[in-house]
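Quick note on labels: first sequence line is chain A, next is B, and so on, each numbered from 1.
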Amino acid sequence: MFIVIRLSGRYILSMSTTPDPSAHTGFVRTRFAPSPTGMLHIGGVRTALFSWLIAKQTGGKFVLRIEDTDRARYDADAEASIMESLRWLGIDWDEGPDIGGPYAPYTQSERLDLYQEATKKLLESGHAYEDDTTPEELGELRVAQQAAGKPPGYDNRGRYKTKDEIDASRAAGKPIVVRFKIPDLGKLKFDDAVLGEVEFDLSLLQDFVIMKSDGFPTYHLAHIVDDHQMQISHVVRAPEWIPSTPRHILIHRALDWELPVYVHVPLILGKDKSKLSKRHGAASAIEYRDQGILPEAIFNFLALLGWSPGDDTEVMNREEIVERFSIDRVLKSPSVFDNEKLVWMNGVHIRQMSAENLLERVAPVLERPESEGGLPDSVSRPVDRKFLLRLLPLVHERLKTLNEATDALSFFFMEEVHPDVEALPGRKSDPETAANSLEASLEILKTSEPFEPEHLEAEFRALAEKLGLKPGPLFTPVRVAVTGSSMAPPLFDTIAAIGRDRVVSRVENAIQLLKG
RNA sequence: GGCCCCUUCGUCUAGUGGCCCAGGACGUGGCCCUCUCAAGGCCAAAACAGGGGUUCGACUCCCCUAGGGGCUACCA
């Protein structure tokens, strides 16, 4: 019964839609509209990212709106935490609850009059009706339907109630909701920017609640009123909204509002291919930050989940992604979040940054309390930036996360280290040889002048030859003695950076350990 | 159960009827480099879910099956 025509890349219901001139600016406006119910999930971040990209790429506007119509799940800290996540990632908004904008307020609980107005319109035009069916009655209905082997769902009983009945219920204090009446119009088709054409059978839908008994609208009504009033051109959202899109289109039609372009982005799955959730480990954006992942790495990685630029390019910065992104290349299929590839990409981004930039990122990590992954508490804060800048080239290409900097650098800052006696000789030597090597090394370390990498290395290589040893068996005990670990940056740069006094005393300690 | 969406190496993906006995990346294995660890270089194993069509020719188009996921609330 619907006549569907294609108009500027989207299908609209020609029977009922008269484009609202004020809503037709031709300007791209997208939004991210999270519910403040907890931490911003990585899947939500990806949705926000795609939405943001679509706006930024065309020079459009990106709006942040808080959808807090669910009082039961409301979390007072969530809004700030969501904004913190987005800011950290560089997903900034042109209008939002904190900065306002031409369509303020941007928080749904402050916009109730708009929803009431729309509800009134729908009631008056006969597209909606009041219903006094209680949650208990709905429960009974469900049980009966299941017992009869029928699909559960509201039976539209409210359609046949009289105004007197509703008034009586209201007077009796029964909860009243407003339901939208599903028209008997056969099939409904819509065009999604990523899915293409999708068709639904309206006869399978039941009349649904648009206004709850507490006076708050449901998502279905609220987001439409907001998106219309805020002149949102592209509704970018998660795929769980696909099945309810027909309802949304029906509301637009009843209100005589123009449809936005629907962009349902694919789901992100966990390693086990189920919807990403808490049990898949770090799932919130903030947790990745706390793990030492760079925002540019997450940004890059997430952009590549469900989208690719079309060639083999993978490592991109913000600007390149904004420039190359296109809805046309967004995939329909869900993708698994591969943490290992994220960590690899994080390493790539770390290697690409300047030492000065890395310094800014690493210093706060090192300065955290020891219990939170920082340097040992015995090391005084703030750390010496100049010294740190000298050290960074030694570990720069070895870091895959910022947090690894602590282990990679702590021995440079500590007074003494505590090597494992077993580890001192290394795999290819023995304690006696190691002790002798260290004794011999001590002479060089005490006297070598200048105390610089190149000179030290030349002396040590000469020593190895003199002792009839390969470099490994000589260098390893020294490395373990000086750094406390068998894995470390290039030995002579390390020795020079730590300084003669501490190096000599560490080697002496190691000799004592081997003899004791 | 019903409805909707999805299906190329383990994972992210390229591929829009012949360029593909399927390309890149992560991961894995090997080799090289090398004072350890990295980084880097080279090489290798690894996929078109299955079955029918359409076509001179299908990863690409159609149908069916299977599998996965989502939705089915006075939650979003």
Exercise. If you measure from the Lys or Arg side-chain nitrogens to the Asp or Glu carboxylate oxygens, is any gap between A/R398 and A/D407 under 4.0 Å?
Worked result: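 A/D407 and A/R398: not salt-bridged.
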
Assign [X] to base, sugar-phosphate, or nothing according to its heavy-atom contacts below 4.0 angstrom with the strands shown.
X	result
A/L491	base
A/P34	nothing
A/T37	nothing
A/F460	nothing
A/P490	base
A/T245	nothing
A/E314	base
A/R247	nothing
A/G306	sugar-phosphate

Just compare [options] and give me whichever is closest to any side-chain atom of [X].
X	options	result
A/L267	B/A76, B/U11, B/G70	B/G70
A/E397	B/C35, B/A38, B/C12	B/A38
A/R142	B/G70, B/A73, B/C37	B/A73
A/S35	B/C12, B/A76, B/U36	B/A76
A/V177	B/A38, B/C74, B/A14	B/C74
A/H220	B/A76, B/C4, B/G23	B/A76
A/F200	B/C3, B/C12, B/G1	B/C3
A/E457	B/C74, B/A14, B/C35	B/C35
A/E240	B/A76, B/G24, B/A39	B/A76
A/W344	B/C35, B/A76, B/G27	B/G27

Would you kindly give the [atom1]-to-[atom2] distance between [X] and [N], to the nearest whole Å?
X	N	atom1	atom2	answer
A/M316	B/A25	CE	P	15 Å
A/Y129	B/C74	OH	P	11 Å
A/L409	B/A38	CG	P	17 Å

Report all interatomic pairs (protein N or O, nucleotide N or O of nucleotides 43-50 of chain B) with separations under 3.5 Å.
none

Is the ring centre of [X] less than 6.0 Å from the ring centre of [Y]?
X	Y	answer
A/F492	A/F475	yes
A/Y106	A/W93	no
A/H252	A/H228	no
A/F337	A/Y288	yes

Problem set entry | Same-atom distance (P) from B/G50 to B/C43, integer angstrom |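 Between the two P atoms, the distance is 30 Å.
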
Is it the case that [X] and [Y] place a side-chain donor and acceptor less than 3.5 Å from each other?
X	Y	answer
A/S354	A/N357	no
A/N403	A/T401	no
A/D226	A/Y115	yes
A/S203	A/D201	yes

For this session: Could you say whether A/R461 or A/W241 is positioned toward the 5' end of RNA chain B, judged by the nucleotide with the nearest heavy atom to each?
Result: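 It is A/R461, whose closest nucleotide lies nearer the 5' terminus.
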
Exercise. Considering heavy-atom distances to RNA chain B, does A/K212 or A/R479 have its closest nucleotide positioned more toward the 5' end?
Worked result: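 That would be A/R479.
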
Heteroatom pairs (N/O) under 3.5 angstrom, protein to nucleotides 5-7 of chain B:
residue, atom, partner, partner atom, Å
B/C6, OP1, A/K332, NZ, 3.2

Exercise. Is NZ or CZ of A/R247 both nearer than 6.0 Å to the six-membered ring centre of A/F208 and within 45° of the ring axis?
Worked result: yes

Exercise. Is A/E454 atom CD crowded by more than 12 heavy atoms from other residues, nucleotides or ligands, each under 6.0 Å away?
Worked result: no

Problem set entry | Paired nucleotide for B/G1 [Watson-Crick or G-U wobble; both distances under 3.5 Å] | B/U72

